[in-house]
2 protein chains.
Amino acid sequence: MELEQNIKIAVDAIVFGYSENSLNVLLIKQKYGVLKNQWALVGGFIKDNETIINAVNRELKEETGIKVNYLEQLYTFGDDLDRDPRFRVISVAYFALVNSTKLILKADSDAEDAKWFSFAELPKLAFDHDIILKTAHQRLQNKLTYQPIGFDLLPKEFLFSELENLYCTILDKEIDRRNFRKKILSFGIVEETEKFGNKKNGRPAKLFKFNKLKYNKLTKEGFLFDINFA
Amino acid sequence: MELEQNIKIAVDAIVFGYSENSLNVLLIKQKYGVLKNQWALVGGFIKDNETIINAVNRELKEETGIKVNYLEQLYTFGDDLDRDPRFRVISVAYFALVNSTKLILKADSDAEDAKWFSFAELPKLAFDHDIILKTAHQRLQNKLTYQPIGFDLLPKEFLFSELENLYCTILDKEIDRRNFRKKILSFGIVEETEKFGNKKNGRPAKLFKFNKLKYNKLTKEGFLFDINFA
DNA sequence: TTAATATGCGTAAAGTTTACGCAAAAATAA
DNA sequence: TTATTTTTGCGTAAACTTTACGCATATTAA
């Protein structure tokens, strides 16, 4: 088989974070090169001898220094035939969740700048990154309703009201607090701690934690987390 | 940015068909080349100036001559670093449904042979194609429960019992005929025709057809087809 | 002390799923 | 012809889930 292919293959990571009722996205701005001064997703070209996921983890480490909580392949984008003038690029996009946007981002290097943006107020993005982000957001919304990935966006211990607000914010939907609590507790994947959160006023609330062991057990049994509510 | 990347990018298509209570998969056997005498998925390398989906459609046409009813991206496989001795290959897999396995496959060419196999009795496959097929089968099972793609595996007009059998076969699950019919009819996406199917014995059954217009309308409204049943 | 705010428990009505009974229409066998 | 078998198609009651919402409790602010 003759093969003179001139396509390069890259990875991009959509990193979501959540803090103070806001869904955030991690973007970088390159100081040199094709992307100079444009905000873009974390990403880069795959090396000949690394797996795709290793390329994503390497780029995340190199460009931002963060450690993600959840990572899955999203979609492969390759319809934009001339995004780069030198050659065609096909990009495998990954979808990542981190449990704090307070994580120390790699100190501004000479090469680039990393920053959290609210999903509601994104800057103009390089290439087709706006489309990729929209796809990632839809996946996040869908996945949230049948897999408890919301916990990967929260600290180890959290208030029920924080979890509830996360669902409200991401799904852009009103939720009945009492029914939400009942349903989440019925899965048996969160448990109370002895500690209390320090809210300004109102009755103090217990901190809860996610029970990953129980979650893995239920998942293996094929249990479905149908998280729908009014 | 320096870039000396030596990875080639390919597409593979998992084509599912259904006939006589059997889920089938379309495979090809190449007579020459790296794949000589091994059964493999339809696929090939992407050309520099075609979109990924165009590459899939071109390969389907060239290698089998069939026209598919449904096509969506499945996953990008790229962890097998030395599947081809000449260079690394990353493959974007697509998932396809056709409404008849009686479609005329491209006449055995000098280069290859195309054939339908029952999903239950697959031959040994080239590369990591067994893993890809397993992933595709899981996607088919999942998708069947929340999107009415079963119709894309049946002829334009079908018996309710055929639809029911399709669900039983693919989901590998008992279904209560009466509850199944009630639920599918409640969506309003199938309608009776005046015609009857010709079964050997028993009460003759009406032929039904899928109402795509109604389906598109409901889909736009965000309606969910929750096809679960006992 | 009173008002405001947020937590946490409970319960009834509405809706959905499950389980299953049975009549009708045809082919086949007796 | 008549009974038997097969498959279709309609209906209904019990079990379960979701929705809607009332209200006591624990704290801070005024």
Side-chain angles (χ1 to χ4, degrees), chain A residues 20-21 144-146 148 150 154 157-169 171 173-209 218 222-230, chain B residues 20-21 144-146 148 150 154 157-169 171 173-210 218 221-230:
Chain A
E20 283 142 58
N21 295 356
L144 207 60
T145 64
Y146 64 86
L154 290 176
E157 301 191 327
F158 52 86
L159 303 174
F160 235 103
S161 54
E162 290 173 330
L163 185 65
E164 185 203 323
N165 264 281
L166 183 147
Y167 273 83
C168 284
T169 305
L171 300 177
K173 188 179 169 181
E174 293 275 297
I175 289 173
D176 183 284
R177 185 172 35 85
R178 296 154 291 185
N179 292 338
F180 177 79
R181 170 185 270 258
K182 222 184 303 176
K183 186 148 200 175
I184 298 287
L185 287 174
S186 77
F187 297 143
I189 52 171
V190 293
E191 53 192 38
E192 290 188 8
T193 67
E194 297 302 306
K195 293 172 236 166
F196 285 81
N198 51 342
K199 273 281 179 67
K200 290 291 175 299
N201 60 16
R203 176 173 170 175
K206 283 185 203 110
L207 284 166
F208 286 79
K209 63 182 178 191
L218 288 169
F223 188 84
L224 289 171
F225 300 86
D226 180 1
I227 310 171
N228 283 299
F229 20 64
Chain B
E20 283 141 60
N21 296 354
L144 208 59
T145 64
Y146 65 86
L154 290 175
E157 301 191 328
F158 52 86
L159 303 173
F160 234 104
S161 54
E162 290 173 330
L163 184 65
E164 184 203 325
N165 263 282
L166 183 148
Y167 274 83
C168 284
T169 306
L171 299 178
K173 186 178 172 184
E174 295 274 299
I175 289 173
D176 184 284
R177 186 170 35 83
R178 298 153 291 188
N179 292 338
F180 177 77
R181 170 185 271 257
K182 222 183 304 177
K183 187 149 200 177
I184 298 288
L185 287 175
S186 77
F187 296 144
I189 52 170
V190 294
E191 53 193 40
E192 292 187 5
T193 66
E194 295 303 306
K195 292 173 239 166
F196 285 80
N198 52 342
K199 274 279 178 71
K200 289 291 177 299
N201 60 16
R203 176 173 172 177
K206 284 186 204 110
L207 284 166
F208 286 79
K209 63 182 179 190
F210 179 58
L218 288 168
E221 288 166 13
F223 188 86
L224 289 171
F225 300 87
D226 181 0
I227 310 173
N228 285 298
F229 20 64

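Everything numeric here is computed off the predicted structure, so don't read it as measured data. Here is how names work: the chains are called A, B, and so on, in the same order as the sequence lines, proteins then strands, and each is numbered from 1. Heavy-atom basis, side chains included; hydrogens, waters and symmetry copies ignored.
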- line: Between B:Glu164 and B:Asn179, the residue closer to the 5' end of DNA chain D by nearest nucleotide is B:Glu164
task: Let me know, please, whether B:Phe229 or A:Ala205 comes out on the 5' side of the other along DNA chain C by nearest nucleotide.
output: A:Ala205
- prompt: Mapping B:Arg177 and B:Lys182 to their closest nucleotides on DNA chain C, which lands nearer the 5' end?
  reply: B:Lys182
task: Would you please name every residue forming a side-chain hydrogen bond (donor to acceptor under 3.5 Å, both in side chains) with A:Lys209, sequence neighbours left out?
output: none
What is the separation between atom [atom1] on [X] and atom [atom2] on [N], rounded to the nearest whole Å?
| X | N | atom1 | atom2 | value |
| --- | --- | --- | --- | --- |
| A:Leu159 | C:dG8 | CG | C1' | 13 Å |
| B:Asn201 | C:dA25 | CG | P | 17 Å |
| A:Glu162 | C:dA6 | CD | P | 13 Å |
| A:Asn228 | C:dT17 | CG | P | 12 Å |
| A:Leu163 | C:dA6 | CG | P | 17 Å |
| B:Phe187 | C:dT16 | CZ | P | 11 Å |
| A:Lys200 | C:dT7 | NZ | P | 14 Å |
| B:Arg178 | C:dT18 | CZ | C1' | 11 Å |

message: If you count heavy atoms of other groups shown closer than 6.0 angstrom to CD of B:Glu221, is the number above 12?
response: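 Atom CD in B:Glu221 is packed in, count exceeds 12.
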task: Give a yes or no on whether A:Leu224 atom CG has more than 12 heavy-atom contacts from other residues, nucleotides or ligands under 6.0 Å away.
output: no
- prompt: Hey, does the side chain of B:Lys183 reach the backbone of B:Asn228 with a donor-acceptor pair shorter than 3.5 angstrom?
  reply: yes
message: side-chain contact (heavy atoms from CB on, under 4.5 Å) for B:Phe158 and B:Leu166? Distances and angles first, verdict last.
response: CA-CA 11 Å; B:Phe158 52 86; B:Leu166 183 148; over 6 Å; no
query: For DNA chain D, which nucleotides open and close the run of contacts to chain B, 5' to 3', at under 4.0 angstrom from a non-hydrogen atom?
result: D:dT6 to D:dT12
field: Any side-chain heavy-atom pair of A:Glu157 and A:Phe208 under 4.5 Å
entry: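 No, too far: nothing below the 4.5 Å cut-off.
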- request: With heavy atoms under 4.0 Å as the rule, sort A:Lys183 into base, sugar-phosphate or nothing.
  value: sugar-phosphate
task: Identify the two heavy atoms, one from B:Leu159 and one from B:Leu207, that lie closest to each other, and give their separation to 0.1 Å.
output: CD2-CD2, 3.7 Å
